[in-house]
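Here is the structure we will look at.
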Amino acid sequence: MFDGMLDKDLVSWNSIISGCVSNGLPLNGVELFAEMCSSGVNLDLATLVSVLPACSEMSFIKMGQTIHGYSVKVYGNKEITLVNALIDMYSKCGNLGSAKILFERMEDRSIVSWTSMISGYTRNGWFEEAMGLFEMMELEGISPDLYAITSVLHACACNGSFDQGKRMHDFVARNGLESNISVVNSLMHVYAKCGDMEAARMVFDCANKKDIISWNTMIGGFSKNCLPNEALELFIKMQCHSRPNRVTMACVLPAVASLSSLDKGREMHAQILRAEDLSDLHVSNALVDMYAKCGALSFARKIFDRIIDKDLISWTVMIAGYGMHGHGREAINAFKEMRCQGIEPDGACFISILYSCSHSGLIDEGWRFFNIMKHEYKIEPTVQHYACMVDLLSRAGRLTKAYNFITSMPIKPDSAIWESLLRACRIHRDVKLAERVAEHVFELEPENTSYYVLLANLYAEVEKWEALKKIREKISRHGKQKHRGCSWIELRNKVHVFASGSKLHPRSEKIGSFLEDVRKRMKEEGYFGQNKFILKDRNDYLKEDVLCGHSEMQAIAFGILNSSKGKPVRVTKNLTVCGDCHEVIKFMSKMVSREITLRDSERFHQFREGRCSCRGSWGAELKKNQGLYQDADSFGISLGTQGNMARRK
DNA sequence: CAAAGTTTAG
């Protein structure tokens with residue numbers, strides 16, 4: 001209609017420009033604005049205010065500045081709406097300084113000015129300032145509206161400010177604003193970000209109206225807070241009310257990944273393929289990560305290859321995927337290729353490459369990347385980077401070096417760092433250092449018995465019975481275990497969960513007799529009582545027999561007993577597999593001629609013909625198996641994780 | 001014909 005008009009006046013132009021800009025066509029809006037300028041029609045306030053949001057959306061900061069200059073000349077910074085639009089433009093283009101100057105020099109500010117500035121601060125990472133500004137606004141006697149409330153709630157969420165969020169919640173309740181979906185969604189987001197999913201759920205359940213954002217916020221919250229089953233449950237429930245969109249898929253896929261549920265993952269993937277509008281870069285990246293963590297590295301690579309505009313996240317998940325499967329060389333190649341494509345790594349990307357090096361025993365390469373990161377990219381290492389380096393040294397048996405490295409760190413080491421050294425001390429039977437290390441972890445986490453158990457096992461292995469007795473007394477005194485061991489296996493679309501030490505599963509009798517059989521055969525082949533392996537007959541000092549007490553043993557036995565001969569068995573565990581179980585699983589893979597894949601909280605272990613793809617993170621086979629699994633890709637589908645990914649509540 | 005807010009991947 002606009003094109004067909006013979007007489008276009010100011011309002012015609014303003015209408016079409018504003019129409020474009022507010023309907024996702026910012027470039028058309030800008031082009032029409034340029035046309036309008038050269039057509040000789042005079043501009044007015046509405047023209048400028050309409051076109052400015054298009055500048056911010058397109059990041060046309062030069063154009064925004066030009067408009068700013070023109071508006072000073074014509075309106076002298078006296079028009080509040082215009083200055084508001086300029087503030088918003090500057091903050092969205094990343095120039096918070098200019099936005100701040102404009103805001104501070106305003107004589108009269110409307111609620112929109114305050115809100116624009118509050119979200120400007122939040123957008124640029126100044127969360128405390130955003131919340132402070134909200135308070136100042138209230139002090140000036142301006143009562144917040146829905147926009148101001150959602151903006152400050154967003155700042156609370158980003159900052160993880162629970163108390164502030166709760167105060168806002170009270171305010172919302174007092175003023176009867178709980179019927180507004182945006183406010184409710186923002187509140188849920190605050191609680192989810194602060195880790196209080198119960199509070200988020202309360203808000204969600206009480207809301208009389210829910211939109212797609214409400215569902216996505218809850219599903220994403222469950223995913224991020226290690227409640228993957230709740231996330232999946234809600235995802236199913238949601239589909240009775242509204243259709244998932246791309247954001248939904250990006251929210252739910254990490255839940256699938258943390259459960260290592262390949263069946264569910266493929267279901268989701270199929271759902272994405274069926275609906276044409278369910279995929280974007282976020283979703284593709286989440287798919288690559290999901291497949292890697294479900295053990296299907298070749299699928300992950302296929303999806304990865306099909307991504308046209310790979311970004312830093314795409315590369316990072318692919319590198320981490322290679323790392324958790326022990327393909328360090330491939331990880332390094334991917335890193336190199338990424339740099340060739342002109343993509344700059346960030347701190348998180350370096351974590352995945354360092355992690356890959358440490359899990360593949362690539363010591364020199366690991367150090368090289370660590371130095372490149374510090375000196376070439378000027379990235380200050382965080383506790384996670386240091387943890388990778390300690391892990392690298394520990395696995396290589398350079399225990400003293402690792403100890404000195406930790407004590408010379410410029411930041412305070414956390415318990416995970418000490419733990420990896422403590423594990424290494426056990427493998428290399430270094431009691432003296434282990435005791436020094438243990439003191440640090442006991443101090444940091446006195447309640448966590450798993451460290452005491454670790455030390456106890458070491459004492460048992462070197463036959464220090466007196467020390468063992470003492471540490472066992474300590475264990476019973478400190479009582480509760482922080483993370484109870486549990487493993488799960490997916491068979492015919494059903495998940496079977498096994499907890500350590502329990503014999504509750506209906507098939508537990510059969511599992512027990514199978515494991516008894518394994519034990520007998522191992523005995524016959526001389527696995528006990530020799531120093532050849534870590535495993536010893538230790539009924540005399542361990543409450544639970546390794547063979548049937550540890551959950552992964554039960555899950556693997558269950559898998560072998562309930563699937564056809566020769567089929568691979570895939571199990572996921574929430575903690576790290578112990579050295580003894582690791583030996584037993586190797587034996588089992590040979591005994592029943594099966595490929596066994598175990599994803600623990602650290603990585604994938606692929607057992608085949610009596611060997612494991614981890615190339616001996618477990619010391620005993622450190623040299624023996626070096627380089628054996630260069631081509632582990634040929635395994636096809638296996639099971640993966642980084643850090644606490646596999647933890648399950 | 002005009003300004004501000006809520007959900008997503010490592």
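Chain letters run A, B, ... following the sequence lines, proteins first, then strands; residues in each count from 1.
Ionic pairing of A/Glu365 and A/Arg329 is present here: one or more N-O contacts between side-chain nitrogen and carboxylate oxygen are shorter than 4.0 angstrom. Salt-bridge annotation for A/Arg301 and A/Asp305: present, with a side-chain N of the basic residue lying under 4.0 Å from a carboxylate O of the acidic one.
Residue side chain A/Ser182 reaches the base of B/dG5 through a donor-acceptor N/O pair under 3.5 Å, judged by distance alone. Contact of A/Thr316 with B/dG10 (side chain to base): a donor-acceptor pair of N or O atoms is detected under 3.5 Å. For B/dG10, its base sits under 3.5 Å from the side chain of A/Asp346 at one donor and acceptor pair at least.
Dashed line: the shortest gap from a side-chain N or O of A/Ser119 to OP1 or OP2 of B/dA4 is not under 4.0 Å. Within the structure, every side-chain polar atom (N or O) of A/His189 is placed at least 4.0 Å from both OP1 and OP2 of B/dT6. Between A/His154 and B/dT6 there is a side-chain polar atom (N or O) within less than 4.0 angstrom of OP1 or OP2. For the pair A/Lys224 and B/dA9, the criterion of a side-chain N or O lying under 4.0 Å from OP1 or OP2 is met. An OP1 or OP2 oxygen of B/dG5 is reached within less than 4.0 angstrom by a side-chain nitrogen or oxygen of A/Arg123.
A ring-centre distance under 6.0 Å is not found for A/Trp114 and A/Phe134. Note: A/Tyr355 and A/Tyr322 fail the aromatic proximity criterion, with ring centroids not under 6.0 Å apart. A/Phe33 and A/Trp13 have their aromatic ring centers separated by at least 6.0 angstrom.
In this structure, CG of A/Asn216 is placed 11 Å from P of B/dT7, rounded to the nearest angstrom. Going from atom CD1 of A/Ile142 over to atom C1' of B/dA4 covers 13 Å, rounded to whole Å.
Note on A/Asn180: a base of the nucleic acid sits closer than 4.0 angstrom, heavy atoms only. As judged by a 4.0 angstrom heavy-atom cut-off over every strand, A/Asp145 is placed among the base-contacting residues.
A heavy-atom distance below 4.0 Å to DNA chain B is reached by these residues of residues 34-53 of chain A, ordered by number: A/Leu45, A/Ala46, A/Val49, A/Ser50.
Here the nucleotide nearest the side chain of A/Lys92, chosen from B/dA9, B/dT6, B/dA4, is B/dA4.
Side-chain contact of A/Asn185 with A/Ser182: a donor-acceptor pair under 3.5 Å is absent, judged by distance alone.
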